[in-house]
Amino acid sequence: MQVPKGTIEDGEAPHEAVVREVREESGLTDFDSVRPLSTDVWNHHEKPKAYRRHFFHLVADEPRDEWRHKVTGSGEDNGVVYSYFWIQPGACSLARDMDDYIERILE
């Protein structure tokens with residue numbers, strides 16, 4: 001399992017990128033808040049590559065418990081259909097250490 005993620009486009013701020021990526025990847029469009037949690041550098045476990053990661057907590061007024069969404073945008077996952085569902089923070093481990101700052105959601 002993973003959360004929506006992506007690359008910051010030229011001229012785009014991290015908070016703008018996270019809103020765009022979540023919209024493209026999940027279909028969620030209305031956010032009550034977008035709060036930064038942390039920024040770090042993550043070293044890939046299999047490649048000699050490091051990534052600067054920006055973590056945010058977005059609050060969406062979403063009535064669906066589960067849904068599927070076909071990714072939009074120009075990224076490599078354009079057209080991929082993802083299945084979404086809500087879970088409680090910390091209820092599972094996420095891919096590529098994307099849950100490193102999950103405890104900050106509860107603060």
Visitor: Side-chain heavy atoms under 4.5 angstrom apart, residues restricted to Ile, Leu, Val, Met, Phe, Trp, Tyr: same cluster for Ile87 and Met98?
Guide: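 As far as the 4.5 Å side-chain criterion goes, Met98 and Ile87 are connected within one cluster.
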Visitor: Working to the nearest 0.5 angstrom, can you tell me the gap between His57 NE2 and Phe31 CZ?
Guide: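 The NE2 atom of His57 sits 11.5 Å away from the CZ atom of Phe31.
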Visitor: Enter the distance from Phe85:CZ to Asp65:CG here, rounded to the nearest 0.5 Å.
Guide: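 One gets 12.0 Å once the value is rounded to the nearest 0.5 Å.
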Visitor: Provide the closest heavy-atom pair for Val18 versus His15 in the form atom of the first, atom of the second, distance.
Guide: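 Closest approach of Val18 to His15, heavy atoms only: CG1-O, 3.3 Å.
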Visitor: Which heavy atom in Thr7 sits nearest to a heavy atom in Glu21, and how many Å separate them?
Guide: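 Looking at all heavy atoms of both residues, the closest pair is N-OE2, 3.5 Å.
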Visitor: Ignoring hydrogens, what is the shortest heavy-atom contact between Ile102 and Gly90? Give both atom names and the distance.
Guide: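 Shortest heavy-atom contact: CG1-N, 3.7 Å.
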Visitor: Test side chain to side chain contact (heavy atoms under 4.5 Å, CB included) on Leu28 and His69 and set out the steps.
Guide: CA-CA 9 Å; Leu28 297 175; His69 177 74; over 6 Å; no
Visitor: Got a sec: does the CZ of Arg64 have more than 12 other heavy atoms crowding it under 6.0 Å?
Guide: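 Atom CZ in Arg64 is packed in, count exceeds 12.
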Visitor: Return each pair, listed once, that meets side-chain hydrogen bond (donor to acceptor under 3.5 Å, both in side chains) where at least one residue sits in residues 22-36; pairs must be two or more places apart or across chains.
Guide: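 For residues 22-36, and leaving out neighbouring residues, the side-chain hydrogen bond (donor to acceptor under 3.5 Å, both in side chains) pairs sorted by first residue read Arg20-Glu24.
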Visitor: Look at the rings of Tyr82 and Tyr84 and say which category their plane angle falls in: under 30° parallel, 30 to 60° tilted, over 60° perpendicular.
Guide: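 It falls in the perpendicular class, over 60°.
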Visitor: Of all heavy-atom pairs between Asp99 and Cys92, which one has the smallest distance, and what is that distance?
Guide: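 So the minimum-distance heavy-atom pair works out to OD2-O, 3.7 Å.
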Visitor: Find out if a path of hydrophobic residues (ILVMFWY) with successive side-chain heavy-atom gaps under 4.5 Å connects Trp67 to Leu58.
Guide: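 Linked within one cluster.
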Visitor: Do you know which two heavy atoms are closest between Val71 and Asn78, and how far apart they sit?
Guide: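 Residues Val71 and Asn78, closest heavy atoms: O-OD1, 3.0 Å.
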Visitor: Would you say that His45 contacts Arg96 through its side chain, given a criterion of any heavy-atom pair below 4.5 Å between the two side chains?
Guide: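 Heavy-atom side-chain distance check fails, nothing below 4.5 Å.
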Visitor: Under the rule for salt bridge (charged side-chain N to carboxylate O under 4.0 Å, His left out), what residues qualify as partners of Asp40, not counting sequence neighbours?
Guide: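 Partners of Asp40 by the salt bridge (charged side-chain N to carboxylate O under 4.0 Å, His left out) criterion, ordered by chain and then number, come out as Arg53.
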Visitor: Would you say Thr39 and Pro14 make side-chain contact, with heavy atoms under 4.5 Å?
Guide: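 Answer no - side chains too far apart.
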Visitor: Closest heavy-atom contact between Arg104 and Leu37?
Guide: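 What the structure gives for the nearest pair is NH1-O, 2.8 Å.
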Visitor: Here's a test for you: under side chain to side chain contact (heavy atoms under 4.5 Å, CB included), which of Tyr101, Phe55, Phe56 qualifies with Pro36?
Guide: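 So the option named by the test is Phe56.
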Visitor: Could you tell me whether a side-chain N or O of Asn43 sits under 3.5 Å from a main-chain N or O of Ala50, the two making a donor and an acceptor?
Guide: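 Side chain of Asn43 to backbone of Ala50, a donor-acceptor pair under 3.5 Å: no, none is there.
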